[in-house]
Amino acid sequence: MDKIIVVGPASQMLGMNLYRELKLASENDSLITCINTETKTFPDGENYLRLNIDDETLIEGKEVIIIQSTGPSSDGDQNSRIFELFMMVDAVKRMGSSKIIIVIPYLAYARQDKIFRPGESQFANVILRIINSLQIDELYVVDVHAPGVLKELIVNKVVNIDSMKVLADHVKSLGAKDIVVVSPDNGAIERSKAFAKHFGEDVPVEFFEKKRDVKTGEILMQGQLTLKNKDVVIADDIIATGGTMATAIKLSRESGANKIFAVATHALLLQQARFRILNAGADYIIGTDSIDNEVSKVSLAKAISDYLK
Ligand code: R5P
C-alpha cells in the first residue's frame with residue numbers, strides 16, 4: 001500500500017532519515033512519498049500549519065505517517081508543537097487518509113503524570129485523552145517519561161520505543177571502557193540496569209539518591225560511589241535544565257570517575273544546560289534526534305522504521 005510520510009516542523013532531520021530508512025526497507029520505494037509542512041504564527045499568537053501540497057487527492061486512501069516531536073526549541077514551544085501535530089492529523093483526516101500513524105518521539109507533559117502538590121492537574125493524562133479524540137490508528141513514542149500514562153490511550157496500537165541500544169552503541173563507538181552505568185536517581189535504576197546490559201552482562205550499575213523540592217524544583221543529590229578509573233555513563237530519559245545531570249557528574253568526578261558520558265534520550269538542553277553539564281566535568285553530551293540540536297548524535301530513524309516498515 002502507498003505510504004505518505006508527513007515530516008512535522010519539529011522533526012525535520014529525524015523525519016527525513018525515517019523517510020530514507022522506510023524507502024530502503026521497501027520493495028518499491030516509489031510507493032513512499034514525503035511531504036513537508038509550512039507553519040507560521042498569526043499576529044494574535046495562534047498557530048497555523050498547512051501540508052506543502054497542491055493536490056489534496058494525494059492523501060486520499062493512503063496510509064499516512066506523521067512524525068512530530070513535541071519538545072521546546074528556539075522556533076516553537078511544546079504547546080505550538082502539539083497544536084501543529086493536531087493540525088496535521090486533522091488535515092490528513094479531512095483529505096481522506098485511510099490510516100493515520102503518529103510518531104511523537106518526545107512526548108511533552110509526560111512528567112506531569114502524578115499529583116505532586118494539592119490543586120494540580122494530572123495533565124499527562126489529559127494530553128493522552130486529547131490524542132484519543134483524534135481517532136488515529138497507531139501511536140509510537142520513544143522512552144516516554146512514565147510509561148504508565150500510556151494506559152490512558154484508546155488507540156489500536158501503542159508502542160513505546162526503546163532507544164537504549166542505539167545510545168549504548170554510540171557510547172561504545174567512542175571507546176568507553178571499564179564502564180559503570182550511573183543512575184542519577186533511584187527511580188531510574190531499573191532503566192539504568194536495562195541500559196547497562198547493552199554494555200555487557202556484568203557491567204555494574206550505581207545510583208545517587210536524588211530529591212527534588214516540588215515547590216522550588218531544587219535538586220538535592222548525594223552519594224559516594226566507587227568509580228576510580230572507571231568510565232562512567234550517566235543515563236537519564238530527559239535532560240531539561242541539566243541540573244540533575246550536572247549534579248550527578250560532579251558527584252561522579254568526586255568519586256574518581258575517568259571519562260564521563262552524559263546520555264539522554266531527550267536532550268532538551270534548556271537555559272544553560274550545556275554549560276552546566278560541561279562545567280561539571282562531562283566529556284560528552286549525547287542525545288538522540290528526538291530533539292533536533294547539536295548533541296543529537298544518535299538517530300532513532302532505524303529503530304522507528306523497524307516498527308513501521
Ligand atoms: C526526572 O524525573 C527526569 O527523569 C529527569 O531527571 C529530569 O527531567 C531532568 O531535569 P533537569 O535537567 O532540569 O534536572
Side-chain angles (χ1 to χ4, degrees), residues 69-74 77-78 81 104-117 120 122-125 127 141-150 160-164 167-168 181-196 205-223 225 232-253 260-282 284-288 290-296 298:
S69 219
T70 55
S73 70
S74 54
D77 64 16
Q78 47 276 72
R81 293 335 195 171
I104 312 178
Y106 172 75
L107 181 67
Y109 289 97
R111 286 180 293 175
Q112 296 193 39
D113 63 312
K114 312 186 181 82
I115 301 300
F116 298 94
R117 297 179 65 197
E120 292 177 345
Q122 201 168 348
F123 203 68
N125 297 34
I127 292 287
V141 290
V142 181
D143 290 344
V144 75
H145 177 67
V149 297
L150 299 174
N160 182 22
I161 297 173
D162 184 337
S163 73
M164 289 182 200
L167 282 168
V181 171
V182 169
S183 171
D185 73 64
N186 38 356
I189 190 133
E190 287 311 316
R191 189 170 184 276
S192 295
K193 280 184 187 165
F195 188 49
V205 180
E206 304 277 357
F207 69 93
F208 292 115
E209 295 276 357
K210 171 179 137 183
K211 283 206 177 75
R212 193 188 281 273
D213 184 309
V214 289
K215 275 194 192 160
T216 63
E218 198 190 330
I219 294 162
L220 291 169
M221 195 185 287
Q222 54 193 17
L225 308 178
V232 170
V233 181
I234 306 176
D236 209 345
D237 59 336
I238 300 168
I239 298 175
T241 64
T244 304
M245 195 51 96
T247 313
I249 292 164
K250 184 170 169 284
L251 292 176
S252 298
R253 278 270 165 253
I260 299 183
F261 300 78
V263 178
T265 311
H266 313 289
L268 306 179
L269 299 183
L270 309 174
Q271 299 163 6
Q272 299 188 342
R274 287 175 196 77
F275 178 85
R276 293 173 91 174
I277 292 170
L278 294 173
N279 192 45
Y284 300 91
I285 309 176
I286 299 159
T288 74
S290 91
I291 304 296
D292 207 346
N293 63 23
E294 75 279 7
V295 306
S296 314
V298 175

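Note that ligands are numbered from 1 as they come in the structure, with each ligand's atoms numbered from 1 the same way.
- Residue pairs meeting the salt bridge (Lys or Arg N to Asp or Glu O under 4.0 Å) criterion with at least one member in residues 260-270, sequence neighbours excluded, do not occur.
- Side-chain contact, Arg191 with Thr265: a donor N or O sits under 3.5 Å from an acceptor N or O.
- Considering only residues two or more places apart in sequence or on other chains, Asp236 meets the salt bridge (Lys or Arg N to Asp or Glu O under 4.0 Å) condition with none of them.
- For ligand 1, the protein residues placed under 4.0 Å by at least one non-hydrogen atom are Arg111, His145, Lys210, Arg212, Ile219, Asp236, Asp237, Ile238, Ile239, Ala240, Thr241, Gly242, Gly243, Thr244.
- In the model, Ser69 has no side-chain atom that pairs as donor or acceptor with a side-chain atom of Ser290 under 3.5 Å.
- From Phe123, atom CZ reaches atom CZ of Arg111 across 14.5 Å, with rounding to the nearest 0.5 Å.
- For Lys114, the salt bridge (Lys or Arg N to Asp or Glu O under 4.0 Å) criterion is met by no residue, not counting sequence neighbours.
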